[in-house]
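Here is the structure we will look at, set down as structure tokens.
One-based numbering along the sequence shown. Atom set for the values below is all heavy atoms of this structure, side chains included, hydrogens, waters and symmetry mates excluded.
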Amino acid sequence: MAAIGSCFSKFCSALFLLVFFHGRTNAKLSTNFYSKSCPNLLPTVKFIVHSAIMKEARMGASLLRLFFHDCFVNGCDGSILLDDDISSFIGEKNAAPNRNSARGFNVVDDIKSAVEIVCPGVVSCADILAISARDSVTILGGPYWDVKLGRRDARTASQAAANNNIPSPSSNLNQLISGFNAHGLAPRDLVALSGGHTIGQARCTTFRARVYNESNIHPSFARTRQRNCPRETGSGDNNLAPLDIHTPTYFDNSYFKNLIDRRGLFHSDQQLFTGGGFTDSIVRGYSNNPRSFRSDFAAAMIKMGDISPLTGSMGEIRKNCRRVN
């Protein structure tokens, strides 16, 4: 009996460990993940994001874009934040969609430093990206949503995946739908998330071909953009233009009105409304109903934040968002 009892005890211990580690590996994200371990997390992040946006309104769009570019490359795992180490590590910052374009890393550093003071070793850089994206949108007049948390940080990055998975400004509608679908996002999510282009700026090199070569563009809009974006490649490549010509620092539904008026800055933007396309009706709906857009954008951001997170015992909690521990 003693032998049986001992064996049973070992079985129970093994079973407990199996369940424990399985639960750790397959933990779910939740909106109250840090309620006990870091109760001051949200106000700490918001204070720094607000300060950064007050210094430069464009920073809100930059932080939102960082989260998007992070999630579309092997999931929302903070991999975009990792610096290159030429001797041993190649990150995603120099991938084509991010090189000379992705920004806001210093703000993330400031947030991480502040969070480490109030609760050291607890909050991931991936979750900081998720919170700062939401706060950026809200501060600039957009919707609020409860951010699901509990992500952990990747120890790896993939420049190749960044080059392949992040949608290009030259993408056509089929490519956009396919790319978003690969991440579990429907065409309606695609259109709603594209509405994030109601804030921010873009470089001449990303819209030059559209304003000089395309016909599905308002002539006066093309002329306006051409003034600060020379035709010749290499001339004025980094000159900036607002993604939303009307309210570039306020989160509203003007982006969709621009598309109907053929004033989308990117080729990929205008592909959402062509006068007879698959997503035209969604664009018209958001143009006429800002409340619908706000609601769908928040829902799509939550959905995007669920893309392949590392949870439980996977990954790590970085001490410095720019490098693995």
Side-chain angles (χ1 to χ4, degrees), residues 19-55 59-60 62-68 70-71 75-82 104-155 251 294-295 297-325:
V19 171
F20 175 75
F21 284 112
H22 182 77
R24 287 278 302 270
T25 302
N26 294 280
K28 298 272 180 87
L29 303 182
S30 68
T31 58
N32 63 354
F33 187 84
Y34 298 109
S35 59
K36 293 182 179 179
S37 60
C38 193
N40 292 319
L41 170 62
L42 296 183
T44 300
V45 175
K46 187 173 183 179
F47 177 80
I48 296 174
V49 172
H50 185 270
S51 297
I53 291 175
M54 291 304 101
K55 291 178 183 175
M59 186 54 67
S62 298
L63 292 171
L64 173 60
R65 185 167 180 260
L66 275 185
F67 184 54
F68 176 82
D70 185 43
C71 290
C76 310
D77 59 6
S79 59
I80 192 173
L81 302 174
L82 292 170
F105 299 109
N106 290 338
V107 176
V108 175
D109 291 340
D110 291 343
I111 296 171
K112 180 62 172 175
S113 296
V115 170
E116 285 295 301
I117 291 173
V118 297
C119 41
V122 173
V123 180
S124 68
C125 300
D127 277 345
I128 285 173
L129 279 181
I131 300 167
S132 61
R134 187 275 310 278
D135 287 347
S136 294
V137 169
T138 304
I139 290 166
L140 292 173
Y144 177 93
W145 62 93
D146 291 324
V147 179
K148 292 162 69 174
L149 301 167
R151 300 170 190 82
R152 288 168 65 85
D153 296 320
R155 296 188 177 98
F251 196 99
R294 291 169 67 90
S295 174
F297 181 85
M301 286 294 292
I302 294 171
K303 195 172 177 181
M304 185 176 75
D306 283 340
I307 298 175
S308 304
L310 300 177
T311 58
S313 59
M314 297 185 289
E316 64 181 17
I317 303 297
R318 282 186 220 137
K319 297 174 183 177
N320 181 331
C321 290
R322 292 176 179 265
R323 58 177 180 266
V324 298
N325 292 340

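- For Lys112, the side chain to side chain donor-acceptor pair (under 3.5 Å) partners are Glu116, not counting sequence neighbours.
- You'll find the side chain of Thr311 reaches within 4.5 Å of the side chain of Leu29, heavy atoms only.
- Remark: Arg65 engages Ser101 in a side chain to side chain donor-acceptor pair (under 3.5 Å) (not counting sequence neighbours).
- Among all heavy-atom pairs drawn from Ile80 and Phe105, the shortest one is O-CE2, 3.6 Å.
- In this structure, Phe67 has no ring pair (Phe, Tyr, Trp, His ring centres under 6.0 Å) partners at least two apart in sequence or on a different chain.
- Looking at every heavy atom in both residues, Gly78 comes nearest to Leu129 through CA-CD1, 4.3 Å.
- Not counting sequence neighbours, the partners of Ala154 by the side chain to side chain contact (heavy atoms under 4.5 Å, CB included) test are Asp77, Ser79, Leu310, Arg318.
- Pairs passing the salt bridge (charged side-chain N to carboxylate O under 4.0 Å, His left out) check and including a residue from residues 130-148, sequence neighbours excluded, read Lys148-Asp306.
- Applying the salt bridge (charged side-chain N to carboxylate O under 4.0 Å, His left out) test to pairs two or more places apart or on separate chains, none has a residue in residues 32-44.
- Looking at Leu149 and Val123, their side chains never come closer than 4.5 Å, going by heavy atoms from C-beta outward.
- Every side chain to side chain donor-acceptor pair (under 3.5 Å) that Ser30 has, sequence neighbours left out, goes to Asn32.
- A heavy-atom distance below 4.5 Å is not found between the side chains of Phe251 and Thr138.
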Under 3.5 Å, side-chain donor or acceptor atoms of residues 44-51 against the rest of the protein: list the pairs with distances, not counting sequence neighbours.
residue : atom : partner : partner atom : Å
Thr44   : OG1  : Asn40   : O            : 2.6
Ser51   : OG   : Phe47   : O            : 2.9

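- A search for side chain to side chain contact (heavy atoms under 4.5 Å, CB included) contacts involving Arg155 returns Glu316, Val324, not counting sequence neighbours.
- Considering only residues two or more places apart in sequence or on other chains, Arg322 meets the salt bridge (Lys or Arg N to Asp or Glu O under 4.0 Å) condition with Asp83, Asp109.
- With sequence neighbours excluded, the residues satisfying side chain to side chain donor-acceptor pair (under 3.5 Å) with Lys303 are Asp189.
- For the side chain to side chain contact (heavy atoms under 4.5 Å, CB included) test, residues two or more places apart in sequence or in another chain that qualify with Ser124 are Tyr34, Ala126, Asp127, Arg151, Asp153, Ile317.
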